[in-house]
2 protein chains.
Amino acid sequence: MFREGEHAENVFEVTSGTIRVFKLLPDGRRQIIGFVEAGDFLGLSFNDTYLYTAEAVTTAAVRRFPRRRMETLIDENPIIRRRLLAVTANELLTAQEQMVLLGRKTAKEKLCTFLLSLSRKAARRGLCDTRVSMPMGRADIADYLGLTIETVSRTITCLKTAGLIRLLDGHKIELTDLDTIAEMAEAA
Amino acid sequence: MFREGEHAENVFEVTSGTIRVFKLLPDGRRQIIGFVEAGDFLGLSFNDTYLYTAEAVTTAAVRRFPRRRMETLIDENPIIRRRLLAVTANELLTAQEQMVLLGRKTAKEKLCTFLLSLSRKAARRGLCDTRVSMPMGRADIADYLGLTIETVSRTITCLKTAGLIRLLDGHKIELTDLDTIAEMAEAA
DNA sequence: CGGGGGGTTGATAACCTTCAAATGGGGTGG
DNA sequence: CCACCCCATTTGAAGGTTATCAACCCCCCG
């Protein structure tokens, strides 16, 4: 969709699918900032260039808005303005929680936090919160949680063995014991 | 100053000193979100409760604004509004860069990134960018970088031995080789 | 049937943490 | 003014969690 550093000409609204948003270090290490889904906005950088790269995880549909028009809209329409502030504030909150995760949580806690957030996201859209879709691959999860593919795989196996989750077909996962997962998300 | 979860009644502007902003896990692990200095704002949560705890690192002075008044001000004054958006966007950028640091950098890279950011902050306020003040203790640095006190101390010793920095009196530090520090901030 | 990508599993090692003790500097009280 | 104590920092040794390297499996697709 767009790359970090590119001139930011558009703002996007995702209408379906999942997008991954990430930053790269010069040697190729990648940190995924977040996964963006239907209803979320993308590229609200308040800046001339994009601050990160965005790529589709699944096939996805987006609506494109010229940035200029968006800005006048924001200045003129107090409702949109408030919504923008709310969205941004929420992003900030999410970012701060992710910092706690990256800086202070163990691999198991990271995975459980991630699963819990998938469940919450699903619930917010009125979907089942115990059978959620997990369209991104192990590499994406690893780069989101600050782990390696192998550690993600091992930890998932561990949770599976513990009877907390079950892997289903079609990139779906069943959260058998959401309460325990929630507990394990914050403390061993 | 205030604690995470408290009812957010005020917004603060720091006029002098350094404040640490952090979140806690139930078992006491701490992640410092950032250090706030003179000129920065604090508690712009767009939310009814504070999202983090703020404590003084050094003796500090702040100006307090009732949140309600702040909000009407924002709605009525387009200049303040733009500034608020800019500040928030900048916070978001910082947060995202911190995620890269926490998730994907080594201890040495983390320390160098931290020192570099101190230098940049100092430069922005017109101060010398090679002799900067570092008022926070090792514990604060550790909780900011997702490390332990000991690792921070060892890594600092290592940088000192390598001739990149010198510790001075009064919580000051000299960055002898800013270029090398900048290189080491992103790749070993 | 062969190839390839994603995922899992295993063995080993590195980095960082943990636990422990020593060092040093600043402030207080004698 | 000096001794002592407290706390922050440094240093040391051992251990653990996670990374790295490597092999293997599985399924889909050509």
Side-chain angles (χ1 to χ4, degrees), chain A residues 18 20 25 27-32 55-58 101-115 133-162 165-173 184 187-188, chain B residues 18 20 25 27-32 55 57-59 101-115 133-162 165-173 184 187-188:
Chain A
T18 300
R20 64 175 163 250
L25 287 172
D27 65 354
R29 278 173 290 176
R30 185 177 69 153
Q31 178 65 45
I32 293 187
E55 286 177 357
V57 174
T58 64
L101 179 147
L102 291 168
R104 287 299 177 221
K105 289 190 184 180
T106 65
K108 207 177 279 187
E109 290 167 353
K110 287 178 176 180
L111 249 301
C112 287
T113 307
F114 176 63
L115 293 175
S133 132
M134 189 167 65
M136 62 295 284
R138 297 290 181 265
D140 286 338
I141 300 175
D143 285 346
Y144 182 54
L145 301 179
L147 298 169
T148 60
I149 296 176
E150 293 93 329
T151 301
V152 170
S153 181
R154 275 185 245 274
T155 307
I156 286 179
T157 302
C158 171
L159 296 177
K160 205 167 50 182
T161 308
I165 61 174
R166 278 175 45 204
L167 298 183
L168 308 174
D169 286 343
H171 288 279
K172 281 211 160 41
I173 186 169
M184 290 184 39
Chain B
T18 301
R20 63 175 163 250
L25 286 173
D27 65 353
R29 279 173 289 176
R30 185 177 70 154
Q31 178 65 43
I32 292 188
E55 286 177 355
V57 174
T58 64
T59 50
L101 179 147
L102 291 169
R104 286 298 176 222
K105 290 190 182 178
T106 65
K108 207 176 278 188
E109 290 166 352
K110 286 178 178 180
L111 250 302
C112 287
T113 306
F114 176 63
L115 293 174
S133 132
M134 190 168 64
M136 63 294 286
R138 298 288 180 268
D140 286 338
I141 300 175
D143 285 346
Y144 181 55
L145 300 179
L147 298 169
T148 59
I149 296 176
E150 294 92 329
T151 300
V152 170
S153 180
R154 277 184 244 274
T155 307
I156 286 178
T157 302
C158 171
L159 295 177
K160 204 168 48 181
T161 307
I165 61 174
R166 278 176 45 206
L167 298 185
L168 309 175
D169 285 343
H171 287 279
K172 282 210 160 40
I173 185 170
M184 289 184 40

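Throughout, a chain's letter reflects where its sequence line sits, starting with A, and its residues are numbered from 1.
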How many angstroms lie between [atom1] in [X] and [atom2] in [Y], if you round to the nearest 0.5 Å?
X	Y	atom1	atom2	value
B:Leu168	B:Arg166	CG	CZ	6.0 Å
B:Thr58	B:His171	OG1	NE2	10.0 Å
A:Glu55	A:Asp140	CD	CG	8.5 Å
B:Met134	B:Leu167	CE	CG	6.0 Å
B:Thr161	B:Ile165	OG1	CD1	9.0 Å
A:Thr148	A:Asp143	OG1	CG	9.5 Å

Could you walk me through whether A:Leu115 and A:Leu159 pass the side chain to side chain contact (heavy atoms under 4.5 Å, CB included) test, one step at a time? CA-CA 11 Å; A:Leu115 293 175; A:Leu159 296 177; 3.9 Å; yes
Extract, from 5' to 3' on DNA chain D, the first and final nucleotides lying under 4.0 angstrom from some heavy atom of chain A. D:dT18 to D:dC21
Can you see which heavy atom on B:Arg29 is nearest to which on A:Arg104, and at what distance? NH1-O, 2.8 Å
So, is A:Ser153 near the phosphate of C:dT9, with a side-chain N or O under 4.0 Å from OP1 or OP2? no
Within the 4.0 Å heavy-atom criterion, would you say B:Leu167 contacts the bases, only the backbone, or no part of the nucleic acid? sugar-phosphate
Determine to 10° how strongly the helix from C:dC1-D:dG30 to C:dG30-D:dC1 is bent, judged from the axes of its five-pair ends. 20°
For nucleotides 10-18 of chain C, give me one character per nucleotide, 5' to 3': B if any protein heavy atom sits under 4.0 Å from the base, S if the only such contacts are to the sugar-phosphate, - if neither. BB----SBB
Figure out the CG/P separation between A:Leu111 and C:dG7, and round it to whole Å. 13 Å
Is the side chain of B:Arg154 donor-acceptor paired with the backbone N or O of B:Ile149 at a distance under 3.5 Å, no angle test? no
Would you check if the side chain of A:Gln31 reaches a backbone N or O of A:Tyr144 as a donor-acceptor pair within less than 3.5 Å? yes
